[in-house]
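Since the model is a prediction, treat every value here as computed from it, not as a measurement. Below, each value reflects all heavy atoms present in this structure, side chains not excepted, and no hydrogens, waters or symmetry copies.
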Amino acid sequence: LSNKNKLIIRLIANAVVITTFSLLLYPAWEFVSFMQIKKTSVLKIPINIVYFPFIVFTFLTLVHVLQDFIEDIYSIIKKQEKHSKGVLDE
């Protein structure tokens, strides 16, 4: 695949991940908040503490993919600017 096609595929895949994790974040937060009423049978700690790392994972993954998505958009913009300047210079 050419670099342009790879970039397009990466943008589409990142958009799917961003959409999915954005939609997942709120229901996951609601579930973890709800689980504070239950406690583990052995340690007697709230179960929401056990599941909270999933919220952190979801948020950090969303931030990382958003960063990649924005960098890819900027690379497209810079390539278009470079191409348009080259056409104007000739």
Side-chain angles (χ1 to χ4, degrees):
L1 290 172
S2 69
N3 285 337
K4 181 180 178 182
N5 289 340
K6 287 179 186 178
L7 182 63
I8 291 170
I9 291 170
R10 193 168 57 231
L11 281 171
I12 292 169
N14 282 343
V16 168
V17 172
I18 289 167
T19 303
T20 303
F21 275 65
S22 296
L23 293 173
L24 173 70
L25 198 57
Y26 181 73
W29 178 263
E30 287 292 314
F31 178 74
V32 169
S33 298
F34 170 73
M35 292 306 286
Q36 74 185 9
I37 60 175
K38 285 184 125 184
K39 294 188 185 264
T40 58
S41 58
V42 176
L43 297 176
K44 303 296 183 202
I45 60 172
I47 290 186
N48 67 333
I49 293 173
V50 175
Y51 287 125
F52 189 74
F54 179 72
I55 301 294
V56 174
F57 161 76
T58 305
F59 179 74
L60 292 178
T61 301
L62 184 60
V63 168
H64 177 73
V65 174
L66 272 170
Q67 182 181 8
D68 287 346
F69 188 78
I70 291 168
E71 287 174 4
D72 288 343
I73 295 291
Y74 278 140
S75 70
I76 289 173
I77 292 170
K78 287 189 181 203
K79 284 181 185 176
Q80 286 178 350
E81 286 177 358
K82 202 181 273 187
H83 180 31
S84 65
K85 285 181 183 178
V87 171
L88 293 176
D89 290 341
E90 292 178 0

Of the non-hydrogen atoms in K39 and K44, which two are nearest, and what is the gap between them?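 Heavy atoms only, the tightest pair is CD-O, 3.8 Å.
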
Nearest-0.5 Å distance, [atom1] of residue [X] to [atom2] of residue [Y]:
| X | Y | atom1 | atom2 | result |
| --- | --- | --- | --- | --- |
| I55 | N48 | CD1 | CG | 10.0 Å |
| R10 | N3 | CZ | CG | 8.5 Å |
| Q36 | I47 | CD | CD1 | 11.5 Å |

Please confirm whether the backbone N or O of L25 pairs with a side-chain atom of T58, one donor and one acceptor, at under 3.5 Å?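 Pair absent, no side-chain N/O of T58 close to backbone of L25.
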
Tell me if a side-chain donor or acceptor on S75 pairs with a main-chain N or O of D72 at a distance below 3.5 Å.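 Checking the backbone N and O of D72 against the side chain of S75, a donor-acceptor pair under 3.5 Å is found.
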
Are [X] and [Y] side-chain neighbours, meaning at least one heavy-atom pair lies under 4.5 Å?
| X | Y | result |
| --- | --- | --- |
| E71 | D68 | yes |
| H64 | L60 | no |
| I18 | F69 | yes |

[X]-[Y] co-clustered via ILVMFWY side chain contacts under 4.5 Å:
| X | Y | result |
| --- | --- | --- |
| I37 | V32 | yes |
| I73 | L62 | yes |
| I49 | M35 | no |
| F59 | V16 | no |
| I12 | L66 | no |

Going by the angle between their ring planes, with limits at 30° and 60°, are F52 and W29 parallel, tilted or perpendicular?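 Because their plane-to-plane angle is over 60°, the rings of F52 and W29 count as perpendicular.
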
